[in-house]
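Indexing begins at 1, ligand by ligand and atom by atom, following the structure's order.
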Amino acid sequence: MKKFLLGTNWKMNKTLAQGLAYSEALMAIIGKYAQFEFFIIPPYTHLWKMKEALAAQKSPLKLGAQNMHEQDFGQFTGEISPLMLAEIGVDIIELGHSERRQYFNETDEAVNKKALAALKHGFTPLICIGEQQADKDYGVSPEMLAKQLKIALTDVPATAIGQFWIAYEPVWAIGVGGTPAATPYVEEIHNFLRQVLIDRYGPSGQAVPLLFGGSVNINNASDYARLDNVDGLFIGRSAWEPDLFEAIMAAVGAVVK
Ligand code: 13P
């Protein structure tokens with residue numbers, strides 16, 4: 001059986017020293033929770049050293065990058081290529097996070113190109129989608145999310161969809177100003193996303209992990225984790241300290257066996 005996914009996106013937080021201290025602490029904790037697959041997505045500058053630290057302890061903790069350019073090399077100042085990330089041994093490439101869409105003008109089409117490149121290089125593409133508050137207010141969240149998902153997965157064949165992870169992260173729920181989503185709403189949207197994947201990929205769509213993210217915290221994590229089509233949680237602030245993350249593991253561990 002697939003393990004429930006639990007991971008954290010550090011965004012632009014933590015120095016390398018802080019990141020290494022965190023990963024040491026986390027490696028010591030996660031052995032107690034065999035039902036979860038854990039991942040950390042730190043800033044690029046931390047990846048080499050963190051990979052070394054994880055490898056030294058043969059840790060099952062997976063490592064991801066927060067973005068990636070779709071070309072292997074070229075005249076793209078400031079960008080990081082798939083070859084560079086493959087050389088480090090990164091497992092996951094997070095793509096299309098709402099902060100990348102909002103502050104760096106990342107489009108669905110760009111996410112698709114990067115997703116195909118990530119696939120080609122054997123990474124797990126972690127595609128983030130999420131509707132704006134206005135979409136929700138107008139009652140068009142499903143349409144917006146289906147559009148994001150379908151464009152991101154353009155030209156991804158059924159034989160490859162099993163390599164993907166999809167994170168639903170409503171923009172209005174993310175970050176300091178975010179409002180945690182009501183559990184029935186998360187249930188409705190995850191059921192809808194599952195159907196979109198099944199319509200497109202048949203039984204292979206059933207197996208794609210759907211993670212939820214956006215103000216996941218100790219009070220709501222187990223409610224979300226109980227839902228049929230929630231296969232993982234993607235956490236920001238509430239997992240940035242190992243002890244807080246462990247409290248969430250314990251809470252979710254009570255409902256995910
Ligand atoms: P918060 O949990 O801080 O809302 O962030 C979630 C997130 O953006 C994960 O990618």
K.L.:
To the nearest 0.5 Å, tell me how far Met27 CE sits from Lys58 NZ.
P.N.:
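If I round to the nearest 0.5 Å, the distance is 12.5 Å.
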K.L.:
Is Ser238 in polar range of ligand 1, meaning some N or O pair under 3.5 Å apart?
P.N.:
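No: no nitrogen or oxygen of Ser238 is under 3.5 Å from one in ligand 1.
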K.L.:
Report yes if some N/O of Gly214 lies less than 3.5 Å from some N/O of ligand 1; otherwise report no.
P.N.:
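No, there is no polar N/O contact under 3.5 Å.
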K.L.:
Just to confirm my output: which protein heavy-atom neighbour is closest to atom 5 (O) of ligand 1, and how far is it?
P.N.:
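Looking at atom 5 (O) of ligand 1, the protein heavy atom closest to it is Lys11 NZ, 3.2 Å.
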K.L.:
Using a 4.0 Å cutoff against the non-hydrogen atoms of Ile174, which atoms of ligand 1 qualify?
P.N.:
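Answer for ligand 1: 4 (O), 8 (O).
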K.L.:
Which residue owns the protein heavy atom closest to atom 8 (O) of ligand 1, what's the atom, and how far is it?
P.N.:
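Minimum-distance protein heavy atom for atom 8 (O) of ligand 1 reads His97 NE2, 2.7 Å.
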K.L.:
Go through the steps to decide whether Ile161 and Arg200 satisfy the test side chain to side chain contact (heavy atoms under 4.5 Å, CB included), and finish with yes or no.
P.N.:
CA-CA 10 Å; Ile161 191 64; Arg200 172 90 179 266; over 6 Å; no
K.L.:
What is the minimum heavy-atom distance between Ala173 and Ser215, and which atoms define it?
P.N.:
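That closest heavy-atom pairing would be O-OG, 2.6 Å.
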K.L.:
Which residue and non-hydrogen atom of the protein lie closest to atom 3 (O) of ligand 1, and at what distance in Å?
P.N.:
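Atom 3 (O) of ligand 1 sits closest to the protein heavy atom Arg237 NE, 2.6 Å.
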K.L.:
Among protein heavy atoms, which sits nearest to atom 2 (O) of ligand 1, and what does the distance come to when rounded to 0.1 Å?
P.N.:
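Result for atom 2 (O) of ligand 1: Gly236 N, 2.9 Å.
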K.L.:
Could you identify the single nearest non-hydrogen protein atom to atom 9 (C) of ligand 1 and state the distance to 0.1 Å?
P.N.:
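Among all protein heavy atoms, the one nearest atom 9 (C) of ligand 1 is Glu169 OE2, 3.0 Å.
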K.L.:
The test is salt bridge (charged side-chain N to carboxylate O under 4.0 Å, His left out); show your working for Glu106 and Lys114 and say whether it passes.
P.N.:
CA-CA 11 Å; Glu106 204 151 288; Lys114 293 174 183 206; 3.1 Å; yes
K.L.:
I'd like to check which ligand 1 atoms, numbered from 1 as shown, lie under 4.0 Å from a non-hydrogen atom of Phe234.
P.N.:
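Answer, ordered by atom number: 9 (C), 10 (O).
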K.L.:
Please determine if Glu99 has a nitrogen or oxygen closer than 3.5 Å to a nitrogen or oxygen of ligand 1.
P.N.:
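The answer is no, given that Glu99 and ligand 1 share no N or O pair closer than 3.5 Å.
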K.L.:
Consider only side-chain N and O atoms of Glu24 and Gln57, and report whether a donor and an acceptor are under 3.5 Å apart.
P.N.:
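Indeed, the side chains of Glu24 and Gln57 share at least one donor-acceptor pair under 3.5 Å.
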K.L.:
Identify which of Pro170, Gly175, Pro180, Gly177 has a heavy atom lying nearest to atom 4 (O) of ligand 1.
P.N.:
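Minimum heavy-atom distance to atom 4 (O) of ligand 1 goes to Gly175.
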K.L.:
Does ligand 1 have any atom sitting under 4.0 Å from a heavy atom of Ser215?
P.N.:
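Heavy atoms of Ser215 do come under 4.0 Å of ligand 1.
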K.L.:
To the nearest 0.5 Å, how far apart are CZ in Phe212 and CG in Asn229?
P.N.:
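Those atoms lie 14.0 Å apart.
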K.L.:
Does Lys257 qualify as a cation-pi partner of Phe4, given the criterion of NZ or CZ under 6.0 Å from the six-membered ring centre and within 45 degrees of its axis?
P.N.:
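Lys257 over Phe4 ring: no.
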K.L.:
At their closest point, which heavy atom of Val90 faces which heavy atom of Ala65, and how far apart are they?
P.N.:
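Taking Val90 first and Ala65 second, the nearest heavy atoms are CG1-N, 3.8 Å.
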K.L.:
Select one of side chain, backbone, both or neither to describe which atoms of Asn9 lie under 4.0 Å from any atom of ligand 1, heavy atoms only.
P.N.:
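For Asn9, the contact with ligand 1 is made by the side chain alone.
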K.L.:
Starting at OH of Tyr224, measure out to CD of Glu187 and round the result to the nearest 0.5 Å.
P.N.:
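The distance works out to 12.5 Å.
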